[in-house]
Structures are given as structure tokens and as C-alpha cells.
There are 2 protein chains.
Amino acid sequence: MNQAVTYKTKCHACPLRNKAIFRPFKEEELNFVMKFKAGELTVEEGATIVLEDNNSPHLYTLLEGWAFRHKALQDGRRQVLNFALPGELIGLQLALLDEMQHTVTALTDTTLCVFHKEKIWSIFQDYPALAYSITWMAAREEQLIDSHLLSLGQRTAKERLANLILHLYDRAETVGYAGNMTLDAPFSQGHLSEALGITTVHTSRTIRKLHDLELISWTRDRIRILNRQALEKVACYEPVEATQRPMI
Amino acid sequence: MNQAVTYKTKCHACPLRNKAIFRPFKEEELNFVMKFKAGELTVEEGATIVLEDNNSPHLYTLLEGWAFRHKALQDGRRQVLNFALPGELIGLQLALLDEMQHTVTALTDTTLCVFHKEKIWSIFQDYPALAYSITWMAAREEQLIDSHLLSLGQRTAKERLANLILHLYDRAETVGYAGNMTLDAPFSQGHLSEALGITTVHTSRTIRKLHDLELISWTRDRIRILNRQALEKVACYEPVEATQRPMI
DNA sequence: CGCCGAATTGATCTTCCTCAACATTGGTGG
DNA sequence: CCACCAATGTTGAGGAAGATCAATTCGGCG
């Protein structure tokens, strides 16, 4: 399963923490996280990070790359629940509820920080500030899914697509994966379809529509927003405000 | 806004805690929660409990009745994100993220336990077990939304409805709001439609289909499951297992 | 160059929406 | 207690959004 454990990055030298979007860490907190950290993991594009119903003993923070959470019906229909970007926790449900009801797959080659999930309890006992951060992140994830749910339930395909592009752009920008109206998009139209709840055929046609309206341009691995204002209008977009957030 | 504060129920005499579904509480924990509790609130059917963008200083536990979380687009299209039953936290996103991106409305007359949200931090500091419970509940809520998301994205209207009925029945049963294949259903077809992401017209027709298949019966305020096995099949249902859960 | 997976396009079918009329229910006031 | 009203639910007809099926085309890559 294309996974390799290494111990490269020390938390103090964590390349993520410098990003403006993350709340600064005290020396003390860093030391604590270091103790909590079990190692580092590299996962290749397309490989599974956490499998549904699989009781892995780990909890992760995505350090580098894209991943996505998804969930399938018995007959194979699959829904992408959300995309994950660096700084986000993976496997929290598993750690807390002792069961995973979705799968997480690497969209690109990824690097992850590995934690032992049994130690999560010690965080709650010894480091309330970190425990609070974890809960904060869980609540934020819920917000993201809430708005995705609103999309699937109420928006048309075109609105959904426009919305997803803007949403991913904004999130990717905070970690340097997008900027200058350009989003490095490692997902295929297939992934997009599964997130939007429409077929690939219809996704292709919908992209074309936005393209013809000169709102976006689309190349294999790059999405460019040509007219943000108009795109937001199509999307009925409500921006995610970008206050500093915690990270573990 | 039809809200009245009282101080009736002492946590020790909380009518909910006896339910088998909830994890037993130590005397010590009860005392702590008592201190945290600010009072009790009664909200009438149809009234708003927490409003989007409104920075209420409170966090609630639903004690009695049904509520629902929903979120709307500017043009009025509205999506029900989830229904809330006794024992569930309301307003956690607000308490943690300091902003609410959805509204919570009482579906029936409800009673709520009121907490001051600033005190949430003291829970994390002084009572890690309770903090853990809060996070647990957040993670579980995420699971529920995940599976709702799967429905909206991948299931047909008929499957969605069948699924929602089973899901609500199972959840309601754990708190005594359903049993014997009968669910006391305080929601209108309108609410159901907004949860399923389809129009009321189509909801009505879809109910009729399940009715004609003799899977359910439907009266104004009561849904009866006539053939659970067949209904599960239609729904592609995956049951929520019912392990004991925490409550605050 | 040839292959394979991903993307595009067209034609047709199904699901669900829209609009509009009508029925039913529960509540309210005379 | 009945009559009326508003909200909710039902039914029909026609239309639009999106699915399905199938045939190409495109774009890396060995």
C-alpha cells in the first residue's frame, strides 16, 4: 500500500506553521506535539490513507498534498464528502468514535504527520489548549460539510461547480496551492463529479458552460478563474472568512 | 421570540440520563455540569433557537422535543442539514468558532439546557472528560452529516426518503420518540422536502410510492414502517450502531 | 507509434421541477 | 357547533435538468 514511514520534519521546522493562516504556536505546545508525534508518512497518489471500517491506530495531520474523504453505497455509487488540504486532521472520527465511516484517499502524493490515536486522551488531560484546537477543527470541518450539503440539496449543477471551484480556490490559497486566480487542480473530472453528485458527462458539459461564459479556463491540471465576480454570482457564493486557525 | 427561561430540572434528576443510550455520569461530573448550566429554556414550535450570524452567548443541550438545523441561500432556497433530538448539543460551532453559519429552529415545543459559551473553555481546562465528550459529539454529528451528504449526492428521491425515515426512526427510538415501528413525526412534508433536497410536490409523490409498495404508512403526525426489511433494501440503508454516547 | 484512461459530444430517456388546480386538515371565531 | 380560512397535501400536464448509452477524440506515456 505505497506507504513509507520516515521521521524527517521536526515540528519546530514545520513548513506549514509559517503560513499566515495558522495560529502561532508556543514553544511549549510545539514540544508537546513533538512528543505526541509518532512519525511521518508518505502516501502515493491514489493510495488509501484511512479505510472505512478499518480500525487503524493512527490519526494524521496532512502536511503536504491533497487528499479527499469519500463514502460509497454498496452498489458502488460514491460520494466525495470533502477535500483535505495541508494542516487538516485526518482520522479524527476514528480516534474518537473508534470507527471510520468513510475512506480517505490521497489525491496527490502526500506527506502526513502520524499520531497514535490512543494518545489523544492524554492531550485532553495534559494540554487543554490543544484539545480545544482539535475540537475547533472538528467544528470547522462540520461547517464545510454543512455548506457542501446546502450545495447538493439546493444548487443546480452549474451553481455547484462554480461554488466548488471558488471554495477550493479559497482554501487552497491559504496554504499556497492557489493564487493569482489560478488553482493547481490535481483532481480529474471524475473526482469533481463525485463531489458534485453529478455524472462525469454532465460535469464536462457544465465546465464547458462556465468556460463559454468566460468565467473559468480549464486545463488538465489547472483551473483559472477569469471573472471572479461573475463566477461568485453564478455560484451564490458565500465566502469562508479566513481567520487564523489552529493546527496540530 | 417565544422563549422563557426557567430553572426546573436539576442535572441529577435529568430525565434523559436514565435512557440506556447515554453513558452514565459520575456524581462528580454531574456537579460540574450543574455549575456550568445557566438555566433552562423553553422554545415554542417554529421559533428560532440560534440564528445564523447572530452571536448568541449560549450553547444548548436539547432536553425535550425536536429541532432542526438549516441553512439558506440568498434567494431563499433552504436546506435542512439535520434534525436534532434530546441529548444533542446545539450551538457548538458558535461556541467554538464564534460564528454560526446555520440556523436552528424548534420543530416542536422544546426545552433546552442553557450554558454560557465562554465557560466552555473552563471545561477544557478543568474537566477533560467532558471536553472529550463534547468533541465526541461533534465528531458524531459530522458522521451524520456525512451520510446525509452521501444521500443527497448519490441516492434517488425514493432511496433518500426511505433512508431518512429509517434514520430518523432509529435515532428517535433511542430517546423514546419512536418504537414499535412507529415514529411520532412532528415534521411536515415541507420539512422533509427541504431535508431531502426535492420539492414538496415530489415528496408527496414519493411518499405515495413507498405507501403503494406497502413499506410505510403515513398520517399527519405519524409514520409507520410496515416492512422494515424491504424499506432498508430500497434505502440501501446502513444502520447507525447504537453504542452508548455521552451527553452534557 | 500505439495504447490507455480521461474528456467530449450527440441522441435519447428518466427523474424531478414547475405551474396550476383542487382536496384535506386543523384551527378560529361567530 | 358550524363556517370559514389558512396551511398543508394531492394530482395532473408539460418542461427542464441531468442520466444513460455509445461513439469519438484527446493527451500523456511506454
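The sequence lines fix the lettering, A, B, ..., with proteins before strands; numbering per chain opens at 1.
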Given dT10(D), dT8(D), dC16(C), the nucleotide with the shortest approach to the side chain of A157(B): dC16(C)
Heavy-atom side-chain proximity of V50(B) to Y60(B) below 4.5 angstrom: yes
Could you state the atom-to-atom distance from [atom1] of [X] to [atom2] of [N] in whole Å?
| X | N | atom1 | atom2 | value |
| --- | --- | --- | --- | --- |
| E45(A) | dC29(D) | CD | P | 11 Å |
| L152(A) | dG18(D) | CG | C1' | 14 Å |
| R220(A) | dA7(C) | CZ | C1' | 8 Å |
| R77(A) | dT15(C) | CZ | P | 12 Å |
| Q154(A) | dC16(C) | CD | P | 15 Å |
| E194(A) | dG18(D) | CD | C1' | 17 Å |
| L161(B) | dT15(C) | CG | P | 16 Å |
| F187(A) | dA6(C) | CZ | P | 16 Å |

CA sep, side-chain torsions, deciding dist, call: R155(B), D75(A), salt bridge (Lys or Arg N to Asp or Glu O under 4.0 Å): CA-CA 11 Å; R155(B) 283 191 246 249; D75(A) 63 14; over 6 Å; no
Residue pair E214(B) / L226(B): nearest heavy atoms and the distance that separates them: O-CB, 3.5 Å
Closest heavy-atom pair and its distance - L94(B), N54(B): CD1-O, 4.0 Å
Below 4.0 Å: OP1/OP2 of dA7(D) and any side-chain N or O of Q189(B): no
Check: A195(A) main-chain N/O paired with Q79(A) side-chain donor or acceptor under 3.5 Å: yes
Polar side-chain atom of S204(B) near backbone of T200(B) as donor-acceptor pair, under 3.5 Å: no
Parallel, tilted or perpendicular, as decided by the 30° and 60° cut-offs, for the rings of W66(B) and F187(B): perpendicular
Those residues of residues 198-217 of chain B lying under 4.0 Å from DNA chain D by at least one heavy atom: V201(B), S204(B), R205(B), R208(B)
5' precedence on DNA chain D between G190(B) and K158(A) (nearest-nucleotide basis): G190(B)
